[in-house]
Engineer: 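Here you go, one structure.
Along the sequence shown, residues are numbered consecutively beginning with 1.
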Amino acid sequence: MHLAHSPCPNDTFVFHAWTHGLIPGATQPRVTLADVDVTNTAAMDGQFDVVKVSFAALPWLRDDYELLPCGGALGRGCGPLVLSREAASREKLDGAVVAVPGERTTAYLLFRLWAQGVSPKRIEIVPFDEIMPGIANGRYDAGLVIHEARFTYTSYGLSIMQDLGEWWESDTGLPIPLGAIIARKGLDTEAISDWIRASVDHAWRHPDDSAAFVAEHAQEMSPEVTKQHIDLYVNDFTADLGEAGYAAIDGLLGRAASAGLVPEHRRFRPTATGR
């Protein structure tokens, strides 16, 4: 079984116990660590059995994969940020060069929904760790950031144009669906979901077990930022999507389909593995 997820602290924290043989009876997976923009594309090529992808990529993947009810990233107060060098309104995006972390990321889908009616000069796909330096040095007029950038953007002297999570929550009342865990159809998704839930539970009960592994892949984050990252993105939705989680997913993809940004959306239903 081939598992792929990001090297971000929330994912290394969540999957450590499973991938390090700490879940009795679980199949030991082969693991690839890659940024979500890479996994979104690779999943479309069928390279992985179980993979973390953006919820925005699901409409292109659901014929071959099942959405698992656990292991993903949803929440409140954890949305992507639109940043610029100086405080500015959405209208400043007209004619601007904007850096985004991936074409089929949830962040970019939220951005497109929020920015309807404005016309950037150019959108550039940029590795997420290059976006804030690029805004600060004037290469980009604005940028869309994810992950730990929520905690570090001020160190680049940047300002928030829009917190897209705040916009989404105030507009819909729903949590923000960011990253999904999907499994290839035909696999025992009930067993895989059980292993992931056990891995999440182990991570919460024994955080020291994964500390060195998380730090190894934390891309030079400080311990404080690493902890903030995990505390924000690993939450009750990680253990189980629940009704609110499925409502958030359907809300995002339904609205995006109505706007012509993704293929026609078919509502997700909790599987037998959901609680």
Engineer: Check this for me: Asp94, atom CG, are more than 12 non-hydrogen atoms of other residues, nucleotides or ligands nearer than 6.0 Å?
Structural biologist: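 Atom CG in Asp94 is crowded, with more than 12 foreign heavy atoms closer than 6.0 Å.
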
Engineer: For Asp64, is there an ion pair with Lys185 - N to carboxylate O distance below 4.0 angstrom?
Structural biologist: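 Salt bridge: no.
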
Engineer: Quick one: does His217's side chain get under 4.5 Å of Asp11's, heavy atoms only?
Structural biologist: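 Sidechains of Asp11 and His217: no contact.
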
Engineer: Heavy atoms, side chains only, cut-off 4.5 Å: are Met132 and Thr152 in contact?
Structural biologist: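 They are in contact (side-chain heavy atoms under 4.5 Å apart), so the answer is yes.
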
Engineer: State which residues pass ring pair (Phe, Tyr, Trp, His ring centres under 6.0 Å) with Trp168; sequence neighbours excluded, sorted by chain then number.
Structural biologist: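 Here no residue qualifies.
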
Engineer: Could you pull out the closest heavy-atom pair between Trp60 and Met44, with the gap in Å?
Structural biologist: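 Here Trp60 and Met44 meet closest at CB-CE, 3.9 Å.
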
Engineer: Looking at Val234, Asp240, Asp236, which hits side chain to side chain contact (heavy atoms under 4.5 Å, CB included) with Thr238?
Structural biologist: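 Checked Val234, Asp240, Asp236 against Thr238; only one passes side chain to side chain contact (heavy atoms under 4.5 Å, CB included): Val234.
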
Engineer: If you look only at pairs with a residue in residues 73-90, which of them pass as a salt bridge (charged side-chain N to carboxylate O under 4.0 Å, His left out), with sequence neighbours excluded?
Structural biologist: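 Salt bridge (charged side-chain N to carboxylate O under 4.0 Å, His left out) check on residues 73-90 returns Arg76-Glu169.
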
Engineer: Just verifying a value: how many Å separate Glu66 CD and Ser193 OG, rounded to the nearest 0.5 Å?
Structural biologist: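 If I round to the nearest 0.5 Å, the distance is 8.5 Å.
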
Engineer: With the side chain counted from C-beta on, respond yes when Ile23 and Asp194 share a heavy-atom pair under 4.5 Å apart, and no when they do not.
Structural biologist: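 No, side chains not in contact.
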
Engineer: Using the rule given for side-chain contact (heavy atoms from CB on, under 4.5 Å), can you reason through Ser54 versus Arg104, listing the C-alpha separation, both sets of side-chain angles and the distance that settles it, and then say yes or no?
Structural biologist: CA-CA 7 Å; Ser54 300; Arg104 287 187 177 166; 5.9 Å; no

Engineer: Can you sort out the partners of Phe128 under ring pair (Phe, Tyr, Trp, His ring centres under 6.0 Å), two or more places apart, ordered by chain and number?
Structural biologist: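 Phe128 satisfies ring pair (Phe, Tyr, Trp, His ring centres under 6.0 Å) with His147 only.
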
Engineer: Which residues satisfy the side-chain contact (heavy atoms from CB on, under 4.5 Å) test with Thr19, sequence neighbours excluded?
Structural biologist: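 Leu3, Phe15, Pro29, Val31.
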
Engineer: Is any side-chain heavy atom of Pro69 closer than 4.5 Å to one of Tyr246?
Structural biologist: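 They are in side-chain contact.
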
Engineer: State whether Asp201 and Arg205 are salt-bridged, where the test is any N-O pair (Lys NZ or Arg NE/NH1/NH2 against Asp/Glu carboxylate O) under 4.0 Å.
Structural biologist: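 Yes, this pair counts.
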
Engineer: Side chains of Ile192 and Ile181: does their closest heavy-atom pair fall under 4.5 Å?
Structural biologist: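 Ile192 vs Ile181: side chains apart.
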
Engineer: Hey, are the side chains of His5 and Thr12 touching, using non-hydrogen atoms and a 4.5 Å cut-off?
Structural biologist: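 Answer yes - side chains close enough.
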
Engineer: Partners of Lys92 by salt bridge (Lys or Arg N to Asp or Glu O under 4.0 Å), sequence neighbours excluded?
Structural biologist: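 Lys92 satisfies salt bridge (Lys or Arg N to Asp or Glu O under 4.0 Å) with no other residue.
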
Engineer: Kindly state each residue pair satisfying salt bridge (charged side-chain N to carboxylate O under 4.0 Å, His left out) with at least one member in residues 24-49, sequence neighbours excluded.
Structural biologist: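 Sorted result for residues 24-49: Asp49-Arg184.
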
Engineer: Given side chains that start at C-beta, do those of Pro101 and Ile131 come closer than 4.5 Å, heavy atoms only?
Structural biologist: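 They are in side-chain contact.
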
Engineer: Sequence neighbours left out, what pairs pass salt bridge (charged side-chain N to carboxylate O under 4.0 Å, His left out) with at least one residue falling in residues 242-261?
Structural biologist: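 Matches after skipping sequence neighbours: Asp171-Arg255, Asp250-Arg267.
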
Engineer: Taking side-chain contact (heavy atoms from CB on, under 4.5 Å) as the test, write out the residues that go with Ala256, two or more places apart.
Structural biologist: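 Here the qualifying residues are Leu109, Leu261, Val262.
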
Engineer: How would you list all residue pairs meeting salt bridge (charged side-chain N to carboxylate O under 4.0 Å, His left out) that involve residues 109-123, not counting sequence neighbours?
Structural biologist: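 Salt bridge (charged side-chain N to carboxylate O under 4.0 Å, His left out) check on residues 109-123 returns Arg122-Glu124.
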
Engineer: Run the ring pair (Phe, Tyr, Trp, His ring centres under 6.0 Å) test against Tyr108 and tell me which residues pass, sequence neighbours left out.
Structural biologist: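 With neighbours one apart ignored, the set is empty.
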
Engineer: Starting from Leu22, can I reach Leu33 by hopping between I/L/V/M/F/W/Y residues whose side chains sit under 4.5 Å apart?
Structural biologist: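 No; Leu22 is not reachable from Leu33 via cluster members.
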
Engineer: When you group the ILVMFWY residues by side-chain heavy-atom contacts below 4.5 Å and let the links chain together, are Trp114 and Leu158 in the same group?
Structural biologist: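 No, Leu158 and Trp114 fall in different hydrophobic clusters.
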
Engineer: Dump the intermediate steps for side-chain contact (heavy atoms from CB on, under 4.5 Å) on Thr32 and Val51, then the final yes or no.
Structural biologist: CA-CA 9 Å; Thr32 292; Val51 54; over 6 Å; no

Engineer: If only atom types and distance count, is the side chain of Asn10 paired as donor or acceptor with the main-chain N or O of Tyr233 below 3.5 Å?
Structural biologist: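 Side chain of Asn10 to backbone of Tyr233, a donor-acceptor pair under 3.5 Å: no, none is there.
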
Engineer: Suppose the criterion is ring-ring contact (aromatic ring centres under 6.0 Å, His included): which pairs have a residue in residues 20-56, not counting sequence neighbours?
Structural biologist: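 Sorted pair list: His2-Phe48, His16-His20, His20-Phe213.
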
Engineer: Does a sphere of radius 6.0 Å around CD in Gln47 hold more than 12 heavy atoms from other residues, nucleotides or ligands, not counting ones at 6.0 Å or beyond?
Structural biologist: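 Yes, CD of Gln47 has more than 12 neighbouring heavy atoms, counting only those of other groups under 6.0 Å.
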
Engineer: If we only count heavy atoms from C-beta on, is the Leu241 to Phe268 side-chain gap below 4.5 Å?
Structural biologist: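 No; the side chains remain at least 4.5 Å from each other.
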
Engineer: I'd like to check the salt bridge (Lys or Arg N to Asp or Glu O under 4.0 Å) partners of Asp231; sequence neighbours left out, ordered by chain and number.
Structural biologist: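 Asp231: salt bridge (Lys or Arg N to Asp or Glu O under 4.0 Å) contacts with Lys227.
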
Engineer: What heavy-atom pair brings Val200 and Val14 nearest, and what distance separates the two atoms?
Structural biologist: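 Heavy atoms only, the tightest pair is CG2-CG1, 3.7 Å.
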
